[in-house]
Structure formats: C-alpha cells, structure tokens
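A short write-up of the structure that comes next.
In the text below, chain A, chain B and the rest are named by the order of the sequence lines, each starting its count at 1.
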There are 2 protein chains.
Amino acid sequence: MGVHDAMYILGGKWKIHLIAALLFGPKRYSDLLRDINGISGKVLSRELKEMEINQLVKRSVSNTQSNAVFYELTEYGESTKSIIAVLAEWGEAQREVIVHKNNDK
Amino acid sequence: MGVHDAMYILGGKWKIHLIAALLFGPKRYSDLLRDINGISGKVLSRELKEMEINQLVKRSVSNTQSNAVFYELTEYGESTKSIIAVLAEWGEAQREVIVHKNNDK
DNA sequence: CCGAATCCGAATGGATACTG
DNA sequence: CAGTATCCATTCGGATTCGG
C-alpha cells in the first residue's frame, strides 16, 4: 500500500518540517538549524542525510564562500508539495480541535 | 503554521495507518491488532486513546456482544481522507525511489 | 475480549566537545 | 561553518501478567 511507502520516506518527526522549510529555495545548514524550532544539530544532520539518500534534497557546497553548505529540494522532493499543501490546509482549519497527547503514565 | 498542527495530531508511527485501516468502517480492537502489521497491544491502546482524545475516532462498546469494543472514525477523522489519499497516491507513484534509511552509525 | 500495569532492553535525542 | 563523536537521560516499545 502506498501510504506505508510514503510514511517510510516522510515519517519521523522532522522530514515534513524540513521540506516545508525548503519549499521556497535553498537554505544553509545553520539556517535550517535556526528556523526549525526544537531540532538539534545531530538530528538535523541525520535527517538531511537520510533525505539526501532518498533523493529528496540535494546538498551542495558553495564555491564562493567556503564552509557554506546549502540544501535544496530536488524535483522529486518538490513532488511532495501537494502533500505539504494538504497537510497545511487541514492543520490550519482544524487547529482548535487539538487538545493534548497522552503521556504514557 | 498549519503543517505543525497537522503533524502534532497525525504524527507518530501509527496514526496514519490507523486512519487508513478505519476508512471503510468500524473495526474491533482485536481486528486492528491483527490488521496493522507490527503494532503491539500496548501501543495500539495508547494511539487509540490519543486519537479519541483528539476526536479522530469514537470508541464504543457493543451492546449485543459484551467485551467487544469498536473504533470508528468521527466526522472529523474522516476529514483527513484527503490527506491519506494524497499520501497513498504519492507513495504509490514513487515507490521505486526508496533506497533505505541511515542507521546513525 | 479489552486493556492496564509492570518489567526491562532498545532506540532516541540533547549537550558538549572536537575536527577539518 | 558544518558536521562527527561521545556520553548520558529519557522515551519507546515488546512481552508478559493481571483484572474487569
């Protein structure tokens, strides 16, 4: 089933957020670290690497400023725009229904 | 932003799968346990409870057979159909691109 | 049958220090 | 700056047992 495949690639806490952050163009590692609330450097690195392996993002080193690394969506990554859009729309409309999560205790 | 809200409600490993499993009508706890591959009873209970709190599903006890508990999507839960549909479609189309995940080592 | 409680190992993830 | 490595606390989650 397709849902499972999609979740395998897009699942986890951060991938959707990362894609959303990259929707409007390339960003540097440090920009992503600042823009995405709550993510740590270690986790950001790992997520980006996974997404690179799965062809969602492209990593490139600036040839003018050294030490600057940019990430951008591939064409494949951009094919998730429709998903992000639907998610955003739904989340926007239904915001007031959120209560809380159960905390296992 | 709406994406964050949506992920807060639908995030985690199982919620999307649970919604997909309930798309075509109510199911019993034991049916879900069997149908959803890899989930344990403990985790299934917790996920269902969270979804109940957030109004995605409705829990009801059969009045004919006792000890039978059914879960079904609420109207609100059904409003996620469009999300599931887009995810399924995308996952279906892009299946061959999957490679693997990075394992932190 | 449904699910809560307990036990316990595995995986996750933050903080920090370090390297090129 | 962009990561990697290490340490460690927290969380997750499976297996089992127990109760309504």
Side-chain angles (χ1 to χ4, degrees), chain A residues 4 7-18 21-22 25-54 56-74 100-105, chain B residues 4 7-18 21-22 25-54 56-74 100-105:
Chain A
H4 182 272
M7 285 292 92
Y8 183 75
I9 299 181
L10 302 176
K13 202 171 167 182
W14 298 111
K15 300 225 173 39
I16 296 284
H17 295 288
L18 273 163
L22 291 171
K27 284 191 178 174
R28 301 179 59 162
Y29 175 85
S30 46
D31 294 329
L32 292 169
L33 197 55
R34 177 173 13 84
D35 293 353
I36 300 184
N37 207 284
I39 198 168
S40 70
K42 173 182 173 177
V43 174
L44 178 57
S45 290
R46 195 190 54 217
E47 297 285 306
L48 285 169
K49 196 180 294 178
E50 283 183 16
M51 292 171 77
E52 201 189 345
I53 289 172
N54 278 325
L56 288 170
V57 300
K58 179 176 176 303
R59 177 185 184 277
S60 54
V61 180
S62 168
N63 48 12
T64 62
Q65 335 158 237
S66 68
N67 290 338
V69 178
F70 287 86
Y71 291 90
E72 62 190 310
L73 293 180
T74 61
H100 68 82
K101 292 213 181 182
N102 199 38
N103 62 3
D104 205 22
K105 277 196 311 300
Chain B
H4 182 273
M7 285 293 91
Y8 184 73
I9 298 180
L10 302 177
K13 203 171 167 183
W14 299 110
K15 300 226 171 39
I16 296 284
H17 295 288
L18 274 164
L22 291 172
K27 284 191 177 174
R28 298 179 60 162
Y29 175 83
S30 47
D31 294 330
L32 292 168
L33 196 56
R34 176 172 14 82
D35 293 353
I36 300 184
N37 207 283
I39 198 167
S40 70
K42 173 181 172 179
V43 174
L44 177 57
S45 289
R46 194 189 56 217
E47 296 286 306
L48 285 169
K49 194 181 295 178
E50 283 183 15
M51 293 171 77
E52 200 188 347
I53 289 173
N54 278 325
L56 288 170
V57 301
K58 179 174 175 302
R59 177 184 185 279
S60 54
V61 180
S62 168
N63 48 12
T64 62
Q65 337 159 238
S66 68
N67 290 337
V69 178
F70 287 86
Y71 292 91
E72 62 189 310
L73 292 179
T74 60
H100 69 82
K101 293 210 179 183
N102 199 41
N103 63 3
D104 205 22
K105 276 197 311 299

*Rounded to whole angstroms, how far apart are NZ on B/K27 and C1' on C/dC1?*
18 Å
*State which residues pass salt bridge (charged side-chain N to carboxylate O under 4.0 Å, His left out) with B/R59; sequence neighbours excluded, sorted by chain then number.*
none
_Criterion side chain to side chain contact (heavy atoms under 4.5 Å, CB included) against A/L10, the qualifying member of A/L56, A/N54, A/L18_ = A/L56
*Candidate nucleotides D/dG13, C/dG3, C/dA15, ranked by approach to the side chain of B/V43 - the nearest*: D/dG13
*When the distance from OH of A/Y29 to P of D/dC1 is rounded to whole Å, what number comes out?*
11 Å
*Phosphate OP1/OP2 of D/dG3: any A/R59 side-chain N/O under 4.0 Å*: yes
*Kindly indicate whether the side chain of B/H4, heavy atoms from C-beta on, has any atom under 4.5 Å from the side chain of A/H17.*
yes
_Counting only side-chain heavy atoms from C-beta out, which of C/dG13, C/dG3, C/dC1 sits nearest to B/R28?_
C/dC1
*Tell me: NZ of B/K49 to C1' of C/dC2, nearest whole Å?*
12 Å
*Return the value, rounded to whole Å, for the distance between atom CZ of B/F70 and atom C1' of C/dC2.*
12 Å
_Of the options D/dG20, C/dG3, D/dA2, whose atoms approach the side-chain atoms of B/Y71 most closely?_
C/dG3
_Spacing between A/E50 atom CD and C/dG13 atom C1', to the nearest angstrom_ = 14 Å
*asked:* I want to verify a distance call: between C/dC1, C/dG13, D/dT4, whose nearest atom is closest to the B/N67 side chain?
replied: C/dC1
_salt bridge (charged side-chain N to carboxylate O under 4.0 Å, His left out) between B/E47 and B/K15, worked out_ = CA-CA 7 Å; B/E47 296 286 306; B/K15 300 226 171 39; 3.1 Å; yes
_Output the rounded distance in Å from CD (B/E52) to P (C/dG3)._
9 Å
*Counting side-chain heavy atoms from CB outward, which of C/dA4, D/dG3, C/dG14 is closest to A/V69?*
D/dG3
*Calculate the interatomic distance between A/I36 atom CD1 and D/dA2 atom P; express it in whole Å.*
14 Å
*Quick one: which of D/dG3, C/dG3, D/dC7 gets closest to the side chain of A/K42?*
D/dC7
*Check whether any side-chain nitrogen or oxygen of B/K13 sits under 4.0 Å from OP1 or OP2 of D/dC12, and answer yes or no.*
no
*With respect to B/Y71, which candidate in B/D31, B/L48, B/L44 satisfies the side chain to side chain contact (heavy atoms under 4.5 Å, CB included) definition?*
B/L48
*Quick one: CG on B/L32 to CG on B/L22, what's the gap to the nearest 0.5 Å?*
5.0 Å
*Among C/dC2, D/dG3, C/dA4, find the nucleotide with the atom closest to the side chain of B/S45.*
C/dA4
*asked:* Taking the nucleotide of DNA chain C with the nearest heavy atom to each, does A/G38 or B/G41 sit closer to the 5' end?
replied: B/G41
*Would you tell me if any nitrogen or oxygen in the side chain of B/R46 comes within less than 4.0 Å of OP1 or OP2 on D/dC12?*
no
*What is the distance, rounded to the nearest whole Å, between atom CG of A/L33 and atom P of D/dC1?*
10 Å
*Earlier contact from the 5' end, DNA chain C, for B/A68 and A/E47*: B/A68
_Phosphate-side-chain proximity, A/S30 and D/dA2, N/O vs OP1/OP2 below 4.0 Å_ = yes
